[in-house]
Structure formats: C-alpha cells, structure tokens
K.L.:
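Dumping the structure here so I can ask a few things about it.
Chain A is the first sequence line, chain B the second, and so forth, proteins listed ahead of strands; every chain is numbered from 1.
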Amino acid sequence: MTEPAPAIRVDDLKKTFAFGFLRRKVQAVRGVSFEVRPGEIFGFVGPNGAGKTTTIKMLMGLIFPSGGSCELLGRRVPDVHAKRRVGFLPETPYFYEHLSGREFLHLCGRLFDLPADERRARADRLLEEVGLAGAASRPLRKYSKGMLQRLGLAQALINDPELVVLDEPMSGLDPIGRKEIRDLIGGLRARGKTVFFSTHILADVELLCDRCAIIVGGAIRDVGPLEKLLSPKLLHTEVVIERDGHAEERRLPPGDDVQAFLREALAAGGRVVSVTPVREHLEDLFVREVEADKARQ
Amino acid sequence: MNRVVAIAINTFREAIREKLLAVILVFACGLIAASFGVGKLSLHEELRVIRDLGLGGISLFSKVLAVVAGVNLVYKEIERKTLYAFIPKPIHRWQFIVGKYLGLVVTLTAQMALMSGVLALTLLAQDAAPDGALVRALVLLWAEALVVTAVAVFFSTFSTPLLSGIFTAGIIGIGRSTPELHALITSQLKDVPGLQTTLDWATQLVPDLHLFYVSGSMVGGKWVTVNAGDFISWSYVAGASGYGALYAACVLALAMAIFARRDFV
Ligand SMILES: Nc1ncnc2c1ncn2[C@@H]1O[C@H](COP(=O)(O)OP(=O)(O)OP(=O)(O)O)[C@@H](O)[C@H]1O
Ligand SMILES: [Mg+2]
C-alpha cells in the first residue's frame, strides 16, 4: 500500500513583498518547507511578523509565491478540487456587513454546491456549535470581534472539510471561548480530520498539537513532535522555603544535591513549602529560537 | 454556474441594503417625478419636458449608480478582506468577477426599472402613456449603463474607488463626445497623417457611448428625436446593444485577467 499524500506539503516556499513608492523589498518568507500528515493536529508557531499569515495565504491561493511550491491534499495550489475538501479561517474574518450570520453560512454552503436542506442542517448545527444560535439573524456589522471569529470558524467547517486551516483561531476569544474552540478542534481530530493552525499562544500548542513547526523571521527553525523539540533535561529545581514568616525562593541548578539543601534548610528551622523540578517549556524553546535569530542578524 | 449565481445574488442583496445607493435612487425618482411640475411651467410642452427630463435623469442617475457601485465592487472586497473567505472556496477567480458583475447588472436593472416606472407614472399623470420610442430610448440607456458598469469594475480591480471613479467619468465624457472628437481630429490634424491615425485608434478604445443617447442628434444622416414620429428602430437598438455587450465582455475579460494575477495582501 502506498503512503497517503500529505495533507499539506510546502517546499522551499518564498515570498518577497515590494511596498511603497520605492518598491522596498521585504522577505517575509525565506524558503519554508514542511509536511502535515493526514489526521494530525499541526501547530504553526512563531512571534508576530514571523511569516505565518504570509505562508498560509500562499497555501490558500490568496497570494502567489515568489519561489517554491505548495500542495494541499496532494494537489498543487490553486486547485478547485482540493479546495472542495478544505476549510479556511482567515486571520481577520470580516464578512459582508449587511448579511446575517445564517445568510452568510448559506452563501458559503452555496459556493460548495450543497443542496438547500443540507445547507440548512449544517448552518443550524454549526451556529449551535460555535455558540451563535441566538445571534444567527443579526447583521454581521453588529457582531463583536469574538462573534465574527466564531462565525469564521463555522464557515470554515460548512463543507465538512478533511483539512482545516486556521489562522490564529483563538484570537479575540475570551477564556471560555478559547476552551470551546480547543474542544472543537479536539472533536475534529476525533473525527479523523487534519487541522493546521497558526498561533503565538504557546499553551494552545502544548494542549492540542501532535506536531508543530516553529517559524522565526520567515524561516523554519524546528519541526517535530513537541516532546522532541523540547529538550527533556532538567533546567533547574525550584524550592520555596518559609523562614520567620516569609517565603524565600531558590533555584538549584541541575547538578546540585536537592536532598542535602532541604536537610540543611529544615535544620535551620525553615519549612518546605514546595519543590518543583522545572523542565523546558515551549516558551523557553521559543525564546531560545527568537534570541538565536536576533544573534544571527 | 451555481456558484456564480450565488455570488451574483449576494452582490444584489448587499447592494439593495446599501444606504448610499438607496438615497441616490430615491433622489433620482424624486427628480424624475418633479418633471411634472416643470412641465406645467412650459406652455403646451408638458409631455416633451417630462420625456426629456425623465430620460436625462435616468441617463445621469443610472450612470451615477453604476459608477458608485462598480468602483467599489472589487476594491471594497479586498479592503475589507471579505475576499479572504471566498478565494479559498472552490471557485475560480474569474467566476468571482462574473458573479459580481452579474449581481450589479441585476441591481442596476431593478433600479432603472424603478426609475422608468416613476417616469411612466408621471406621464400617466399628464394623461399620456409611454410609447415605443420611449421604451427604445430606455433600453439603450440600460445597455449604456451596463457598459459603464463594466468599465468601472475593470478599474476597480487595480485602483482605488476615487481614481476608478475619475477614470470612469473621463471615459464616459470622452465616449459621449466621440463624433465631436472625430470631427476635431479630422479637421485640425489632417496635415499630420500619422498622428491622426493614432488618435483615431485611441478613440476606438473608448466605448462609443454616443450610440446610446441619440435623441436630438443625427443618426445615419437623419435627425431623430424621441418626441417625434420616426425615432430609431428596434434594429438600431439591437445593433447598439450588441456593440455594448461586446465592449463590456472585452473589458470584463481584461478585468478577470488582472484579478487572476493579483496578490490579495
Ligand atoms: N503586504 C505586505 N507588504 C509588505 N510587507 C508585508 C506585507 N504583508 C506582510 N508583510 C511583512 O511580512 C512579514 C510577515 O508577516 P505575517 O503577517 O506573515 O506575520 P505573522 O507571522 O502572521 O504575524 P502575526 O503573528 O502578527 O499575525 C512581516 O515582517 C510583515 O511586515
Ligand atoms: Mg498573522
């Protein structure tokens, strides 16, 4: 049996923007390559201005690459057949202000050639799922930012896509909303869908992703499962001791004898409040990469 | 095809909910109806005044509506990023332009039908009925408005609404005065044959909008007016509309070619 085509394949993708009167050049994406396998949740992580949105726009056929190539579901972008099986949430979901949420979902359903009863059923179910059932007939110009974001997610799912591409799905959402969206993405995974999303919120990546790519300054720094990207070694041990009514925090480097330190502290009349071994988090990795990038410049 | 229709329906729906367009339309209808009052001021020329003012008003306002809606059509989609949700859907980029244009055609047809209805009512109030000549004049104006819309949409694929509006107005101005331009070029530049042919060709690029507003001018060596017996025939209307359709199709093809290559940043 042959291996299934990757859901997304990006090969040495490049984009240079020219802007302003002098056509000054900005290299937003400098030769990015990665693959997203069918059925996985893939995080695309990077700081502001790293080139996440630019890469995603090339994937979606909104802008044309200056170099390299990309494929969706085994077909070179842009391809109408692949587009049928893909859902997309743009970074700034602004829709037609005179339409209501339900009308907009119906319009999207029509663009996928869904029959009327199917459109109605899916629109109602999705409005329910993203928590907009009560606002379905309000015009979109009266939606809040978070409500537009939710509607954006609903329209991305109207065709029951195999692959969902989300540009910052959590932005503009309150903590409850973020949890709901996380659950929704988890639900997509359970149904065998592939999810590719960009974010700079590291907690979301740690909670959701099977694998992720880290992009800094338009170039990929790392791709892989989170456990592999994070170095498993102990960074330090954080010990909090209470003495004479006030707490004191100490960070013991990996080589230190924690037991001996605790015995000493107890003998001196202290009380042990907590002992925490600290391993690398995604955030540390992120900071490390961004700093390495700065050092290179 | 379903998808093009879906985009067209949506364009129509957006346009009829747009306040600016509604205000222009109400204003236009008011002015056309006011020709009844103006007609009363003239001595026994009521019908002629109502017909001339009515047609003039519909000619002017159909173009205003076409330009205002047309120059915003694509630009606004890019500016508001509403396009971002559509381009990734299973449509080709050119289908988007076709759908948007058809939506505007439907909108404009409805708006012109409404203005024509007001004109017909005004005539009825004057104990007259719209006749065949008036209908032919209206059909010509409709064809002209569709050409103007195509030109506005074309500019809107690569330029801001203000510039597109100025360009389109310029094209309307030149297009309406093709006979004068032609006469000017032949009389003033007959000694410089190279320049004359170049300018002649340049005027060919601009739509000959003069074809669509013929009342009170010479057509084929004959003086025609919408208020007298022998106005232009239906076959003239068909010919002019055919020319308009061809011109609009060419301009739209260019618009699609530009739109297909654009980055939506
Ligand atoms: N239209 C454009 N013209 C010029 N430069 C651009 C354009 N769009 C993006 N850039 C530049 O490309 C770089 C990458 O931008 P991009 O929007 O892809 O970042 P991002 O990773 O999505 O950031 P964020 O997390 O803030 O959304 C930035 O330096 C940005 O200034
Ligand atoms: Mg972005």
K.L.:
Does CD in A/Glu128 sit with more than 12 non-hydrogen atoms of other residues, nucleotides or ligands closer than 6.0 Å?
P.N.:
no
K.L.:
Quick check for you: among B/His92, B/Arg93, B/Lys81, which has the greatest number of heavy-atom pairs under 4.5 Å with chain A?
P.N.:
B/Arg93
K.L.:
Just checking A/Phe64: does its CZ atom have more than 12 heavy atoms from other residues, nucleotides or ligands closer to it than 6.0 angstrom?
P.N.:
yes
K.L.:
Against chain A, work out which of B/Asn10, B/Ile91, B/Asn2 has the most heavy-atom pairs shorter than 4.5 Å and name it.
P.N.:
B/Asn10
K.L.:
Is it the case that the side chain of B/Arg3 and the backbone of A/Leu111 share a donor-acceptor pair, with hydrogens and angles ignored and the cut-off at 3.5 Å?
P.N.:
yes
K.L.:
For B/Arg13, which atoms come within 4.5 Å of any heavy atom of chain A: side chain, backbone, both, or neither?
P.N.:
side chain
K.L.:
Can you see which heavy atom on B/Ala85 is nearest to which on A/Pro90, and at what distance?
P.N.:
N-CG, 4.3 Å
K.L.:
May I ask you to decide whether B/Asp263 forms a salt bridge with A/Lys57, counting only side-chain N to carboxylate O separations under 4.0 Å?
P.N.:
no
K.L.:
Tell me, side chain or backbone of A/Glu97 under 4.5 Å from chain B's heavy atoms, or both, or neither?
P.N.:
both
K.L.:
Which atoms of B/Glu18 come close to chain A, meaning under 4.5 Å heavy atom to heavy atom: side chain ones, backbone ones, both, or neither?
P.N.:
both
K.L.:
With a 3.5 Å distance limit and no angle check, can you tell me whether B/Arg17 reaches the backbone of A/His98 through a side-chain donor-acceptor pair?
P.N.:
yes
K.L.:
Name the option with the most non-hydrogen atom pairs under 4.5 Å to chain B; the candidates are A/His81, A/Met58, A/Glu103.
P.N.:
A/Glu103
K.L.:
So, do A/Ile63 and B/Val265 sit near enough that their side-chain heavy atoms are less than 4.5 Å apart?
P.N.:
yes
K.L.:
Would you mind telling me which of A/Asp79, A/Leu99, A/Val86 has the largest number of heavy-atom pairs within less than 4.5 Å of chain B?
P.N.:
A/Leu99
K.L.:
Do B/Lys89 and A/Gln155 have side chains that get closer than 4.5 Å, going by heavy atoms?
P.N.:
yes
K.L.:
Do the two ring centres, one from A/Tyr96 and one from B/Phe86, sit under 6.0 Å apart?
P.N.:
yes
K.L.:
Check A/Lys83 against B/Pro90 and note the closest heavy-atom contact, atom names and distance.
P.N.:
CB-CA, 3.9 Å
K.L.:
If you round to the nearest 0.5 Å, how far is CG of A/Leu89 from OH of B/Tyr84?
P.N.:
13.0 Å
